[in-house]
Colleague: 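There's a structure below that I have some questions on.
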Amino acid sequence: MMPAFGGGCIADLVPALLERTLPAGSLLDEAILDSSAVVLLLLDGLGWNQLQQRAHLAPTLMSMTQRTATTVAPSTTATALTSLVTGSAPGRHGVVGYRISVNGEVLNTLRWSTSSGDARKRIVPSEFQPEPAFCGQRPVVVQNAEFLRSGFTMAHLADVRHRGWQTMSSIAVEVRRAIADGEPFVYAYYDGIDKTAHIRGFGEFYDAELAACDNMVADLMMALPRGTAIVVTADHGLVDCLGNATPLAPEVTAHVRAQSGEARFRWLHSEPGRQRELLAAAASSHSDRAWVYGVEEMIEEGWFGPEVTDAARSRLGDVAVAAKDRWYFTDPADSPRIELVGRHGSLTPDEMLIPVLAFTS
């Protein structure tokens, strides 16, 4: 499932909300145009398919006007959140993955670190991603207080006005205060569903987290004044991948200089002059478990949007291995402390489809 740039993608949402325009195929309804203020809540990891499968646990969310959108490629947090707030495709903003090749190192964008440690001084966040957030406006952003000084925050949320929360219950309070102060637009972010799916999978812990998020949205509805619109969306869905690790075949690694990306969207960087050999070996060895593409074909097909800047192009690999079904591909340099259950990054509907839910009081 490819990103639906130009009307049905996560990158199209913020410009429509801020400009109060409803282009053809809009993700929003006309009630948004008449609202006095808008709250955009991003629930990290809440895929459309996962929500529909648990509709009975989320009566508040299911009572809202429902539309679907796609996230971007790769379907990963750093890329999708940057596309959301800038209104730009990855090929333009350049945050092209979770782990990105930069000047011979691999940058973990969420930690903003490389194997050498903290990279904020060597890879300056404000220079890494040039697109302004929120169309150049400076709205209030309500997110986890622990993230406020991170490199990724500085890269994709430069110049906004931050209000940090310590617990889920604080989100509704901070949003209500911002709206009471006269803010016309507030962006809030919560990552509990994503964390739960990564660590616990899709059982009772996931269900409990979804129900808690539904209660939080109900609290927001009760707390906000009449005429305020609430829009709930996500950055990606997830796939249960427990027990489905796949190492790259020796015939492939023989041509690999380095890897970037993540488990369900591996970028392979070839040894000099071996791009064709790498692509052929990867396709021969792994096409049963992954979509295997060369980078130039991906750019031509518009995986990363209609434009790919020189900076963004320099951060892509030579061959992408995007996992099918429940598979994922291991990299010794990208091994979490525990085996993750829920994963994302690839192009399956479970990962690509996200909800756009709206309510106007």
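Just the heavy atoms: all of them, side chains too, but no hydrogens, waters or symmetry mates, feed the values below.
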Colleague: Compare all side-chain heavy atoms of R54 with those of M62 and state whether any distance is below 4.5 angstrom.
Modeller: no

Colleague: Should we count CZ of R200 as having more than 12 external heavy atoms under 6.0 Å?
Modeller: no

Colleague: Is it true that R274 and D318 have a side-chain N and a carboxylate O under 4.0 angstrom from each other?
Modeller: no

Colleague: Answer yes or no: does atom CG of D288 have more than 12 heavy-atom neighbours from other residues, nucleotides or ligands under 6.0 Å?
Modeller: yes

Colleague: Is it the case that T167 and S170 place a side-chain donor and acceptor less than 3.5 Å from each other?
Modeller: yes

Colleague: Going by heavy atoms in the side chains, are I179 and V39 under 4.5 Å from each other?
Modeller: yes

Colleague: Quick one: do R343 and D240 make a salt bridge, cutoff under 4.0 Å?
Modeller: no

Colleague: Do side-chain atoms of T70 reach the backbone of A4 as a donor and acceptor pair under 3.5 angstrom?
Modeller: yes

Colleague: Answer yes or no: is there a donor N or O on one side and an acceptor on the other, between the side chain of R257 and the main chain of S270, under 3.5 Å?
Modeller: yes

Colleague: Tell me the closest heavy-atom pair linking A283 and V292, and the distance in Å.
Modeller: N-CG1, 3.8 Å

Colleague: Show the nearest heavy-atom pair for residues A158 and A133, with the distance to one decimal.
Modeller: O-CB, 4.5 Å

Colleague: Does Y98 have its ring centroid less than 6.0 Å away from the ring centroid of F265?
Modeller: no

Colleague: Can you see which heavy atom on R289 is nearest to which on T246, and at what distance?
Modeller: NH1-OG1, 3.0 Å

Colleague: Would you say the side-chain atoms of S35 pair up with the backbone N or O of I32, donor to acceptor, closer than 3.5 Å?
Modeller: yes

Colleague: Mark yes or no for whether S284, through its side chain, and A280, through its backbone, hold a donor-acceptor pair below 3.5 Å.
Modeller: no

Colleague: Judged by modelled atom types alone, do N108 and S113 share a side-chain donor-acceptor pair under 3.5 Å?
Modeller: no

Colleague: Does the ring center of W112 lie less than 6.0 Å from the ring center of F128?
Modeller: yes

Colleague: Would you mind reporting whether R67 and L28 have side-chain heavy atoms less than 4.5 Å apart?
Modeller: no

Colleague: Could E307 and R92 be called an ion pair, given the rule that one side-chain N must be under 4.0 Å from one carboxylate O?
Modeller: yes

Colleague: I'd like to know if the side chain of T68 reaches the main chain of W48, judged simply by a donor and an acceptor atom lying under 3.5 Å from each other, with no hydrogens or angles considered.
Modeller: no

Colleague: Measuring only between side-chain heavy atoms, which start at C-beta, is L157 closer than 4.5 Å to F147?
Modeller: no

Colleague: Who passes side chain to side chain donor-acceptor pair (under 3.5 Å) against Q129, sequence neighbours left out?
Modeller: none

Colleague: Quick test of your reading of the model: are E351 and R264 salt-bridged, counting only N-O distances below 4.0 Å?
Modeller: yes

Colleague: Regarding E105 and R122, does a basic nitrogen lie under 4.0 Å from an acidic carboxylate oxygen?
Modeller: yes

Colleague: Are the aromatic ring centres of H255 and H269 under 6.0 angstrom apart?
Modeller: no

Colleague: Identify the two heavy atoms, one from T82 and one from T86, that lie closest to each other, and give their separation to 0.1 Å.
Modeller: O-OG1, 2.6 Å

Colleague: For E30, does the CD atom sit with more than 12 other heavy atoms under 6.0 Å from it, leaving out its own atoms?
Modeller: no

Colleague: Report yes if the side chains of R120 and M154 come closer than 4.5 Å at any heavy-atom pair, otherwise no.
Modeller: yes

Colleague: Do I338 and I199 have side chains that get closer than 4.5 Å, going by heavy atoms?
Modeller: yes

Colleague: Considering non-hydrogen atoms only, spot the tightest contact between Q50 and D350 and give its length.
Modeller: NE2-O, 3.3 Å

Colleague: Answer with yes or no whether the side chains of T153 and S150 bring together a donor and an acceptor at under 3.5 Å.
Modeller: yes

Colleague: Donor-acceptor pair, distance only, cut-off 3.5 Å: does the side chain of T253 make one with the backbone of V256?
Modeller: no

Colleague: Within the side chain of S260, is there an N or O that forms a donor-acceptor pair under 3.5 Å with the backbone of V106?
Modeller: no

Colleague: Provide the closest heavy-atom pair for G45 versus D235 in the form atom of the first, atom of the second, distance.
Modeller: N-OD1, 2.9 Å

Colleague: Given F134 and F185, is the ring-ring contact (aromatic ring centres under 6.0 Å, His included) satisfied, shown in steps?
Modeller: CA-CA 10 Å; F134 301 108; F185 178 88; 5.7 Å; yes

Colleague: Working to the nearest 0.5 Å, report the span between OH of Y293 and CG of L347.
Modeller: 9.0 Å

Colleague: Indicate yes or no for a side-chain donor-acceptor contact from R315 to the backbone of G94 under 3.5 Å, with no hydrogens or angles considered.
Modeller: yes

Colleague: Can E183 and R138 be counted as an ion pair, charged N to O under 4.0 angstrom?
Modeller: no

Colleague: Kindly say whether T60 contributes a backbone atom to a donor-acceptor pair with the side chain of S63 at under 3.5 angstrom?
Modeller: yes

Colleague: Decide if atom CG of N103 counts as having more than 12 heavy atoms of other residues, nucleotides or ligands within a radius under 6.0 Å.
Modeller: no

Colleague: Against L46, only a single residue in L61, D194, L238 fulfils side-chain contact (heavy atoms from CB on, under 4.5 Å); can you say which?
Modeller: L61

Colleague: Is the CZ atom of R149 crowded by more than 12 outside heavy atoms at less than 6.0 Å?
Modeller: no

Colleague: Is the centre of the H286 ring less than 6.0 Å from the centre of the F329 ring?
Modeller: yes

Colleague: Is the closest side-chain heavy-atom distance between L40 and L84 below 4.5 Å?
Modeller: yes

Colleague: List, one per line, each side-chain donor-acceptor pair under 3.5 Å for residues 219-233, sequence neighbours excluded.
Modeller:
unit_1 : atom_1 : unit_2 : atom_2 : d
T228   : OG1    : P225   : O      : 2.9
T233   : OG1    : P355   : O      : 2.8

Colleague: Can any side-chain N or O of K324 pair as donor or acceptor with the backbone N or O of S287 at less than 3.5 Å?
Modeller: yes

Colleague: Do other residues, nucleotides or ligands put more than 12 heavy atoms under 6.0 Å from Q53 CD?
Modeller: yes

Colleague: Between Y189 and N144, do the side chains contain an N or O donor and an N or O acceptor separated by less than 3.5 Å?
Modeller: no

Colleague: Between D118 and R111, does a salt bridge (charged side-chain N to carboxylate O under 4.0 Å, His left out) hold up when you go through it step by step?
Modeller: CA-CA 8 Å; D118 189 330; R111 298 187 181 95; over 6 Å; no

Colleague: Are T65 and F359 close enough that some pair of their side-chain heavy atoms sits under 4.5 Å apart?
Modeller: no

Colleague: How would you list, by chain and number, every residue that makes a side chain to side chain donor-acceptor pair (under 3.5 Å) with N244, sequence neighbours excluded?
Modeller: none

